[in-house]
Each structure stands twice: as structure tokens, then as C-alpha cells.
Amino acid sequence: MDPTNHRPEEYDHGGAGHDGTARPPRPRDPLTPDFGQPAPALARTVRLVSGDFMLTVNPVDGSEIEPCPPGERPARPAKRTADERAELRRAAAPPVPPGPALPRLPLLERQEERERLVRLLARGRSVRLTGPAGSGRTALLDAVADDCAGLAPDGVVRLCGYRKTPGELLHDLFAAVHHAPLYRPERSQLLELVHDIGAVVILDDLEFGGAGLDELLDATPECAFLLSTTPDVAAPSADSRLEEVFLAGLGRGSTLELLERAVGRVLDDEEANWAGDLWFESEGLPLRFVQAGALLRQRDQLRADPHAFAEHGYSLQTSPQTSTDAPPDDGDTDIPLPSLADGAAPAALLASRLSSSARDTLKFAVALGGELPHQAHLPALVGDTHADAALAELVGCALVTAVGSRYRLAAGVRPQLEASGYADEAAEYARTAAQHYAWWAGHPSVTPERVAAEADAVQAALAALVTSESGAAVLLARTAAPAFAGGLHWGAWERALRSGQEAARNAGEVAEEAYFHHELGILALCGGLLDRARAELEASIGLRGALADKRGMISGRRALALVADRSGGTPPGGRTAAGEEVPDARHEESASPSGGAPAAFAPTEPPTEPVTLVAGTAAVPGAGPVPSRRSILSGTRRNLVAAGAGALLAAVLGTVVTLGATSDNDRPEHDRVKTEQSAREDRDDGGLSADESPEDSTSRPRDPGEDGVVGTADDPKPSASGTPSSRPSASGDPSGKPTDEPTGEPTDKPTGKPTGEPTDKPTDKPTDKPTDKPTDKPTDPPTTPPTNPPTTQAPPSSPNTSTSASGPAGSPPAA
């Protein structure tokens with residue numbers, strides 16, 4: 001068969017092989033990967049603008065931050081319209097429980113307070129409403145908000161102060177009035193934007209006072225606040241100009257009316273007396289009577305059907321006077337009223353008559369510190385597809401109340417349930433909640449805004465597992481923290497990062513601890529806390545360096561470079577933002593190693609004064625004066641290379657000196673320098689005779705010629721053989737002195753006078769360029785002013801110390 005003609009089975013056109021047997025079809029890649037074979041989901045990243053930074057929330061290696069490009073900076077945020085604000089309020093309202101609508105209870109004995117609050121807000125005054133938990137503050141705020149709908153140009157803004165700081169509330173106010181998606185202004189921009197907001201702000205469950213409250217009020221001078229707090233919250237400062245309104249309990253008649261509305265019928269005399277005792281014990285708090293109404297409704301159901309709650313596991317407890325065998329004449333079972341203790345603390349009795357799903361929901365709420373998971377999570381947490389209906393049971397019994405856009409246990413309910421055994425398996429329920437939230441928060445279909453709305457329950461699960469179940473807490477914090485950042489709930493982001501850092505340290509997970517340090521550094525940098533950002537980023541870089549996490553280290557160094565840029569410094573270690581080394585400062589001339597080349601011979605005795613070692617221009621080709629006294633080993637590659645070159649140069653110079661010393665044995669006696677000879681100053685030229693360059697086989701003629709000027713055209717040329725000249729020197733000293741200097745001499749200009757005398761105008765830059773080959777110019781001092789800088793000369797008692805600026809560092813001076 002021709003090789004280009006393929007067999008039918010290669011294209012799956014044939015249903016049988018060569019032997020005629022049926023062949024199974026080849027598996028094909030699915031056309032739709034979502035059906036049964038989902039493709040691996042990519043990491044969910046969010047890009048947002050924080051001040052003048054562009055922040056990319058990366059849940060894998062850590063968030064990346066950089067200066068925001070000018071073209072991507074958002075314009076000044078515009079304010080929302082009235083319709084947009086209304087839609088936002090509806091979205092922020094707590095979810096409506098499934099099932100039939102619950103009756104709305106009236107607002108009793110609050111008309112006077114209601115009108116007073118509206119009058120004060122209409123005049124632009126801010127009011128602090130103080131009342132105990134369960135006094136009906138939230139219901140009164142709802143009524144006042146409806147009355148103030150048209151008072152301010154920016155309408156009514158509802159905020160929740162539960163576990164919020166002043167800065168977080170300012171950001172919430174900005175987001176409620178302005179339309180700015182994926183934008184979080186910095187502090188100065190935030191204050192400028194909220195300064196122009198004119199709205200009636202209804203703030204429930206405020207948890208701070210004093211200086212924090214003054215900060216909030218001073219930043220929003222055009223807003224009128226209605227603040228709702230409890231008596232245990234710190235009082236405002238004396239000059240805060242806040243109106244104080246105290247909310248007390250209801251009277252006895254109003255509590256009876258409220259109880260009848262909650263029950264849905266008129267009370268008999270026995271029930272009225274029981275309600276009177278309850279009013280005295282509870283001080284007229286409306287919450288207690290709403291819960292008492294739920295007790296009476298359950299009693300009515302039991303009187304109609306003794307087995308009404310049997311399916312929930314509740315067994316009827318009859319009184320000793322009543323027999324369950326013979327029902328009463330009116331057809332109703334005689335069910336006694338709850339005791340006064342049960343009326344004052346009804347949570348355990350009410351919960352015992354609820355469904356199993358509702359009781360499990362209460363156990364989750366107790367394990368999460370009172371936070372109730374959203375009703376959409378209840379089927380997965382409880383394991384019942386109809387568990388979302390448990391919310392209606394709990395709201396109808398007043399065991400949970402609305403706090404902002406969610407529900408939590410009502411005041412006093414949690415300790416009552418804990419006393420009844422609902423906290424016995426709290427650790428198991430908290431671990432189940434943490435595992436569920438970790439899976440849910442990391443799912444690609446869940447938006448960061450949805451995760452931010454469930455922040456309180458997630459943080460409660462983290463707090464419950466930080467010490468006991470550190471591994472589960474790390475997983476939850478690692479998954480939820482990036483979602484909080486992308487959802488612009490940065491208060492929850494910081495708390496999740498700190499909880500995750502503590503859990504990672506307890507669990508010994510170094511990589512996760514480095515991640516949390518990095519994220520805390522990014523958060524501090526966005527907030528302008530440079531010292532904290534530097535400390536967190538350095539800790540993260542150190543941990544990631546121990547783990548050889550190169551990508552994480554580069555990300556941390558880039559952020560650390562921004563910190564250094566904002567603080568006016570450079571990153572530690574002399575590195576750039578990407579991790580490269582920072583080069584040293586460049587000079588116009590080449591710089592020799594710091595301190596010059598090492599001497600070939602050590603001094604026999606220490607000098608009596610500081611001695612400056614200067615490398616001669618002839619010793620190091622191409623080297624100029626030393627511009628600075630930096631250490632040779634400065635931590636960079638450039639200085640390491642210079643140090644190696646200096647060491648190599650010292651070895652070469654030592655070899656040259658050794659060869660020159662050994663070659664002196666063949667010279668005549670008069671050509672050697674005697675130890676008893678001293679360097680004397682010649683009065684003719686002001687120089688030192690010992691510093692003069694000798695005329696040997698490597699030196700040039702020193703005869704100035706007929707014109708008496710050295711370096712002119714009439715100077716004699718050296719002999720072709722290279723033998724030393726016998727002409728005496730100009731100073732009268734012997735000209736046959738040996739020297740250990742290299743043969744290289746400067747070619748541009750003479751080096752001038754020896755360095756024993758200071759020059760008139762010293763300069764910092766050399767003008768000579770040494771070469772490796774000798775030239776014909778003499779080395780005697782010229783008539784022009786020298787240009788070499790003065791150096792410190794060693795005392796005569798140190799003969800081996802190099803002090804000449806024109807000789808090599810390893811040449812011994814004349815004694």
C-alpha cells in the first residue's frame with residue numbers, strides 16, 4: 001500500500017480492524033469542557049486603583065503594587081442618582097425570610113422621640129440615640145429614615161457601625177454616595193470627597209465614641225448624623241455638639257398591646273397577669289415581649305395539637321395536675337403558661353420546639369460567635385436542601401435580629417443557648433463552616449463582593465480556629481483575604497491577614513506566613529504607613545529567601561522599592577525594585593581600589609601619624625587619583641572585581657620589586673643607595689634628592705641640553721644599547737641610584753614636584769595618562785605649577801612606607 005494512502009481506521013472511518021473484529025472508538029477531547037471534565041480554573045485576580053497606586057490582587061504569589069499609569073487613573077467620582085441610591089439601599093437590606101410574610105409590629109410609645117429626631121435632623125443637627133439592647137432602636141431608625149427621605153440633597157444613607165472603625169465608615173459613606181467601581185481613594189482624597197457630601201446618615205450599632213466620633217463628624221461637616229449606640233459605648237467629647245436622646249423601655253399598657261399584636265389575639269386574664277410580671281422583670285424591653293409572643297403562639301399550637309412539634313423531636317411536658325389520657329371538656333389540652341424564668345430567658349424553650357435544621361443553624365451561630373450564616377449557605381452547612389426555611393423560624397421567634405445586611409443572634413440569646421448545651425460541639429461546627437467558606441470563597445463563580453458581604457461569618461470562623469485548628473484557619477484566610485481585598489472591604493482584609501498570620505505561625509507553615517507578611521506590607525503601603533510596610537515586606541522577603549521563592553522575593557522587593565521611594569531612601573542591600581544590584585556612583589576618572597595597592601613590604605615599626613597610601617600613576621596603568629575612601633568590599637560585584645584586580649596587581653608589583661632587588665647584585669657599588677644616605681633638600685630646586693628618578697637602563701637622559709630646559713628638542717637621546725648615562729645629575733647627587741620603579745612613565749605632562757611640598761592649586765582630577773611603554777621625556781620637575789594633590793608623607797623613621805605620589809606603592813623609598 002502506498003504510504004500516503006492512510007488506512008480507514010486511522011481516521012476512525014472503519015468500524016473493524018484487519019482481523020474483522022470490532023474496534024472500540026478512540027476517545028476524543030470534549031467539545032465542551034464544562035460537561036464532566038472542567039478545565040482548571042485560573043486564579044481570580046482583581047486590578048483596582050488605591051490612591052495613586054495600581055494594585056493587582058494576586059491570590060497565588062501575593063498582590064503586586066506599582067504606580068498607577070497616568071492614563072489609567074480614574075476621573076473624579078460622580079455622585080449616584082436618587083434611583084441608584086434606592087437600588088443600593090434595597091441591595092443592602094437583610095434578606096427576606098422564605099415563607100409567608102411575618103406581621104409587622106407597630107412602633108409604640110415612640111412618636112415623641114420620632115418627631116424630635118426628625119426636627120433635629122432637619123435643622124442639620126447630629127443626634128446620638130442611646131438605649132439598651134432590645135429597646136427597639138433599629139425600628140425607630142427605620143421610621144425616622146422614612147420621614148427624612150427628602151431633607152438632604154444626597155438623600156438618606158444607611159450605615160452599620162458594627163465592628164467598624166471611623167476610617168471604614170468614611171469609606172462606606174463614600175461608596176454609598178459616589179459611583180467608583182474598583183477605586184479606593186487615599187486618605188487625603190477621601191476626606192476631600194466626603195467633605196462635599198450632604199446627606200442624612202443613619203448609623204446603627206455604633207461602637208466607638210470620643211476622638212473617633214469627633215474624627216467622623218469633622219470629616220463630614222455637611223452631613224446630619226443619627227447615631228444609635230448602647231450605654232456601654234464611650235461618650236462623645238464635650239465639644240462634639242451632639243444632641244443626646246435616651247430611649248427607655250415601654251410602659252405596661254404598651255407592652256400588653258405589643259404582646260397581643262405578636263400573638264394575634266386578645267390575652268386572657270391569666271396571660272395578662274403573666275405579661276405584667278414579665279414587664280416588671282424585663283423593664284419593658286420590646287424584644288422580650290416579641291419573644292414572649294412566640295412562646296404563646298407555640299402554646300396555642302400545643303393546645304390545639306399536643307403532637308404539633310413531635311416531628312421536631314419535642315415531647316410535651318404536661319403539668320402534674322393535667323393528665324394526657326383524658327383531654328379537657330373544651331377539646332383543648334391544658335398547657336400551662338411558661339414560667340417567669342422561661343419568659344425572661346426564652347431562647348432554650350423556643351429552640352426546643354423548632355425544626356432540626358433551625359437548631360443546627362443555631363449551633364452554627366453559637367460556634368461563630370453569634371454570626372448567622374446567610375440562608376443560601378444553610379443547605380450546604382446543615383445538609384438539608386430545605387434548611388434555608390430555618391431563617392423564617394428563627395426570625396419569627398425573635399431569636400435573631402437584623403444587623404445591617406445580615407442577621408445575628410439577638411441580645412442575650414447566645415449565653416442562654418450555651419447554657420443549654422448548644423456550644424458542646426462548637427469546634428466541630430466552626431471547622432465545618434471554615435471548610436465550606438474556604439471552598440466557596442475560592443470558587444471562580446463567586447464574586448469578591450459576595451464574599452465581602454459574608455465577611456463577619458468568615459472572620460468568626462477564623463477567630464474560632466486560629467489556635468485549635470490552625471491548618472483550616474490558614475486555608476480559609478488564604479482564600480478569603482484576596483476576595484476581601486477585591487471587594488474593597490479592607491477592614492476585613494486586614495483582620496483576615498492577621499488571623500492567617502497567627503495561624504500560619506502556629507502551624508509552622510513558613511510559606512503561608514511569608515504571604516501574609518507580604519499582604520500586610522502592601523496594605524500598609526496603600527495606607528501610607530511606610531515603617532510598618534517596610535517591616536512587613538522585609539519579613540516576607542527574608543522568609544521567602546529561606547524558601548528560595550524567587551518570584552515572591554521579586555514581588556516583595558518591588559514593593560519595598562516603592563516604600564523606599566516614598567520615604568526618600570533606597571532599598572536595603574543596594575538592590576533595585578526588581579532585585580538587581582544598585583551600581584556605585586560613577587566618576588569621570590577611573591578609580592583605583594580604596595587605599596591604593598597593598599605595599600610589597602610591611603613597615604618595620606608603626607608610623608607615628610596617619611599615613612596615606614597613594615598608588616602611583618606609573619604603577620597602575622590608567623588609574624587616576626583615589627576619589628574616595630570607600631571600602632574595597634562594599635557588597636557589590638563591581639567592588640569585588642576591583643578588589644581582585646588590586647590583589648593581582650600587588651602580586652605583579654611584588655614580583656617586579658623582587659626581580660629588581662636581585663638584579664642590584666650585578667651593579668657597581670657606587671650605583672647602590674647606602675643606608676647611611678639621607679634624603680636632603682636641595683636648595684636649588686626645592687626638592688628631595690632621594691625622590692629623584694635615577695638614570696639607569698630604564699630611565700631617560702636628564703641633560704637639559706643647551707637651552708637649560710628639560711623636555712625640549714635639544715635634549716640628548718638615549719643610547720641605542722640602553723646603557724645608563726654617565727652624565728651627573730643637575731642636583732649634584734649620584735645619578736646611578738638604583739630604582740624599583742616600573743618602566744612606565746606618564747606621556748601627557750610631567751608629574752611635577754614631589755609630593756613632599758603642597759602645591760598652590762591642588763586639583764581633584766589627574767591630567768596625566770600613564771602608559772606601559774617608556775618615552776623620551778625626562779622626569780625632572782618642570783617649571784609649570786604641578787597639578788597633583790598633596791599627600792601625607794611618612795616620617796623618616798618608617799623607611800618601608802610608601803609615600804611618593806609618583807612611585808609605585810610597593811617600591812621602597814630612600815632611607
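Note that this is a predicted model, so its numbers are computed, not measured. Residue numbers start at 1 and run along the sequence shown.
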key: Nearest heavy-atom neighbours spanning Gly209 and Val233   = N-CG1, 4.3 Å

remark   = Leu368 and Ala460 have their tightest heavy-atom pair at O-CB, 2.9 Å

request  = Would you please test Glu87 and Arg90 for salt bridge (charged side-chain N to carboxylate O under 4.0 Å, His left out) and show each step?
outcome  = CA-CA 5 Å; Glu87 181 64 27; Arg90 285 192 295 267; 2.7 Å; yes

ask   = Is there a donor-acceptor pair under 3.5 Å between the side chain of Glu84 and the backbone N or O of Thr81?
value = yes

query = Which is it for Ser567 and Arg534 under the side-chain contact (heavy atoms from CB on, under 4.5 Å) test, yes or no, and what are the steps along the way?
reply = CA-CA 10 Å; Ser567 58; Arg534 183 181 297 106; 3.0 Å; yes

query = Do Thr432 and Glu425 pass the side-chain contact (heavy atoms from CB on, under 4.5 Å) test, and can you show the C-alpha distance, the side-chain angles, and the key distance before you say yes or no?
reply = CA-CA 11 Å; Thr432 302; Glu425 301 177 356; over 6 Å; no

ask   = Per the side-chain hydrogen bond (donor to acceptor under 3.5 Å, both in side chains) rule, which among His517, Glu519, Glu513, Glu536 passes with Gln501?
value = His517

inquiry  = Within the 4.5 Å heavy-atom criterion, are Val403 and Asp456 side-chain neighbours or not?
reply    = no

ask   = Distance-only, no hydrogens or angles: does the Arg478 side chain make a donor-acceptor pair with backbone N or O of Pro59 under 3.5 Å?
value = yes

Sidechain N-carboxylate O distance under 4.0 Å for Glu371, Arg406 = yes

query = Got a second to check how far Lys79's NZ is from Arg76's CZ, nearest 0.5 Å?
reply = 8.5 Å

key: Test item: side-chain donor near acceptor, Ser555 and Asp61, under 3.5 Å   = no

task = Using the six-membered ring wherever Trp is involved, compare the ring planes of Trp439 and His436 and label them parallel, tilted or perpendicular (cut-offs 30° and 60°).
result = tilted

key: Over all atoms of both residues, closest heavy-atom pair of Thr220 and Leu216   = OG1-O, 2.9 Å

query = For Leu170 and Arg187, which heavy atoms make the closest approach, and how far apart are they?
reply = CD1-NH1, 3.8 Å

Arg551 atom CZ: more than 12 heavy-atom contacts under 6.0 Å = no

message = Strictly below 4.0 Å, N to O, side chains only: are Arg450 and Glu454 in salt-bridge contact?
response = no

query = Between Glu502 and Arg498, is there a salt bridge with N-O shorter than 4.0 Å?
reply = no

remark   = What one should report as the nearest heavy-atom pair of Asp172 and Lys164 is OD2-NZ, 2.9 Å

ask   = Does Tyr407 use its side chain to pair, donor to acceptor, with the backbone of Pro95 at less than 3.5 Å?
value = yes

inquiry  = A quick test of your reading: do over 12 heavy atoms of other residues, nucleotides or ligands sit less than 6.0 Å from CZ of Arg85?
reply    = yes

task = Test side-chain contact (heavy atoms from CB on, under 4.5 Å) on Leu409 and Val366 and set out the steps.
result = CA-CA 8 Å; Leu409 294 179; Val366 171; 4.2 Å; yes

message = Tell me if the aromatic rings of His489 and Trp493 count as close, with their centers under 6.0 Å from one another.
response = no

key: Derivation of the side-chain contact (heavy atoms from CB on, under 4.5 Å) call for Arg495 and Leu462   = CA-CA 10 Å; Arg495 289 187 285 269; Leu462 275 174; over 6 Å; no

ask   = Do the side chain of Ser540 and the main chain of Ala514 share a donor and acceptor less than 3.5 angstrom apart?
value = yes

